[in-house]
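So the structure is just underneath, and the comments pick up after that.
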Amino acid sequence: MLPIWLRKCCEQFSEGAERDVMLLGTLTVLSGCFPTVKGIYDGAPVWLNLFSFVLAPAASGKGALTWARKLAWPWHQQLATASKQANDEYLVQLQEWKASRKGKHANSAPPPPAPPFRQLYIPANNTAAALMNALADNDGRGIICETEADTLSGALGQDFGNFSDLLRKAFHHEPLSLMRKTDREQIDITSPAISLALTGTPAQLRRLIPTAEDGLFSRFLFYTFERPAVWRDVSPAGGRGNLGAFFDEQGKAVTRMMAATAASGNSTVELSERGWAMINAAGNAGLVAAEASGSDGAGLVFRLGLTTFRLAGVLALLRCFENGLEPRAVILASDEDVEAAIQITNVCRAHALYLLATLPTAPYVRGKSSSFFQESRPTSPGTGYVGPRQDVPGDRGGNRRAQIDHRQLADKAQSVASRRPLSRKLDSGRLGHSPSALRNAATCFINDHLSFRSRHLS
């Protein structure tokens, strides 16, 4: 069901969670690569930008995001190299201007303007002012891609660096403004469009999103897993080949896609009537699932509707290139692309509802003993259920939400899933499940409905 090129990228990795990470990471990176492609969702113009967050213990396969990042790296390098050359020329002009102001016939002309520093990837280790400057230099666009979520949470934890509100606004392309203190210059970003891809350990979630009431949570596609420690064959004959060479070639392919899309001008993603009906039905089903879970996940479900539309747009664009077509003024997302997008968001919704139940409703008290693992450790080996959180000494965070009976939560979610099963006919006919990866993680859509696998999306 997925475009051939996307499947090829995912198939370089082990079946299971590692492919899932690559799939989500690739889609998120690509969502920030095509600024001329947008659509109309609920009456508002929207671009394709996605937020995704993969959570798993250390050394469990999250590093696939690094390879997804390489896909757009050649374009980033082109922009950065051109920007450095332009800056070198500017410095020469600035020296000449300073020299012309000396002597009797001083030049009264204003100094040459500094060129913008264009780049595709924006560092997460940033301040709010620096992020605004970077967006202003890049027409309000950029990708933040970090394999350690603490890089972002560390920046957001500083008074001068907290730009969580900017990320929340950018998800919906809401205007951003900043007044510089030094020269009293105001920066205005009319329609910011940021794609955000993160991976991290479960403990890093709480540092980035302290409470269930943080609006940043509902903007992410979440995916979480655990898997047993098994040594993988690391020899050249182990099956992976040369990933560096492979993704260098795929990076060139993405560069060609980006160049062709930019040359084609503005394009609009549209859905068929059936496609819109599918999204509306999935949204209603999502609200039922959120209510059954006992969590306040309505905001998450509403935003996942927008995310589903954006996913369908990315898939439709890739399908154009797969069919040898350059993007036109209208890109029609097939019902197949919409179905694939819905299945991805359905699984991510299940993971998000689980994670939402682990977060406190009151502000998190840093330095207290309230780790994610204490809340999510299974009550008994092999049960597949996460037990209710017990009292944690010193935790004053107000963990009413974390004290939910997860066995009961799972039973409710499974009951809902049995009435509204996920479509499982992607290739050989099933989404699949991951006993080792998600048995101890997700609490919704038990058994077949837990983990989507990119190998099934073919």
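We use all heavy atoms of the structure for the numbers below, so side chains are in, but hydrogens, waters and symmetry mates are not.
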Legend entry - Modelled atom types, side-chain donor and acceptor of Ser334 and Asp337, under 3.5 Å: yes
Inset, instruction - For residues 320-329, pull every pair meeting side-chain hydrogen bond (donor to acceptor under 3.5 Å, both in side chains), keeping only residues two or more places apart or in separate chains. - result: none
Legend entry - Parallel, tilted or perpendicular: ring planes of Phe309 versus Trp276, cut at 30 and 60 degrees: parallel
Legend entry - Electrostatic pair Asp248-Lys70, nearest N-O below 4.0 angstrom: yes
Legend entry - Centroid-centroid distance, Phe51 to Phe53, less than 6.0 Å: no
Legend entry - Pairs flagged by side-chain hydrogen bond (donor to acceptor under 3.5 Å, both in side chains) wherever residues 305-315 is involved - sequence neighbours left out: His173-Arg310, Thr308-Thr345
Legend entry - From CA spacing to verdict: side-chain contact (heavy atoms from CB on, under 4.5 Å), Met132, Leu176: CA-CA 8 Å; Met132 285 290 292; Leu176 305 177; 3.8 Å; yes
Inset, instruction - Evaluate the side-chain contact (heavy atoms from CB on, under 4.5 Å) criterion for residues Ile143 and Cys33: first the C-alpha distance (whole Å), next the side-chain angles of each, then the deciding distance (0.1 Å), finally the verdict. - result: CA-CA 8 Å; Ile143 303 172; Cys33 292; 4.2 Å; yes
Inset, instruction - If a pair satisfies salt bridge (Lys or Arg N to Asp or Glu O under 4.0 Å) and one of its residues is in residues 251-262, list it, with sequence neighbours excluded. - result: Glu249-Lys252
Inset, instruction - Quick one: do Thr36 and Asn266 satisfy side-chain hydrogen bond (donor to acceptor under 3.5 Å, both in side chains)? Show the steps, please. - result: CA-CA 5 Å; Thr36 60; Asn266 294 329; 5.2 Å; no
Inset, instruction - Establish, from distance only, whether the side-chain atoms of Glu89 and Gln85 form a donor-acceptor pair under 3.5 Å. - result: no
Inset, instruction - Could you tell me whether Arg141 sits above the aromatic face of Trp47, with NZ or CZ closer than 6.0 angstrom to the six-membered ring centre and within 45 degrees of the axis? - result: yes
Legend entry - Flag, side chain of Asn138 to backbone of Gly140, donor-acceptor distance under 3.5 Å: no
Inset, instruction - Mind running side-chain hydrogen bond (donor to acceptor under 3.5 Å, both in side chains) on Trp5 and Gln250 for me, showing each step along the way? - result: CA-CA 9 Å; Trp5 179 85; Gln250 304 317 309; 2.7 Å; yes
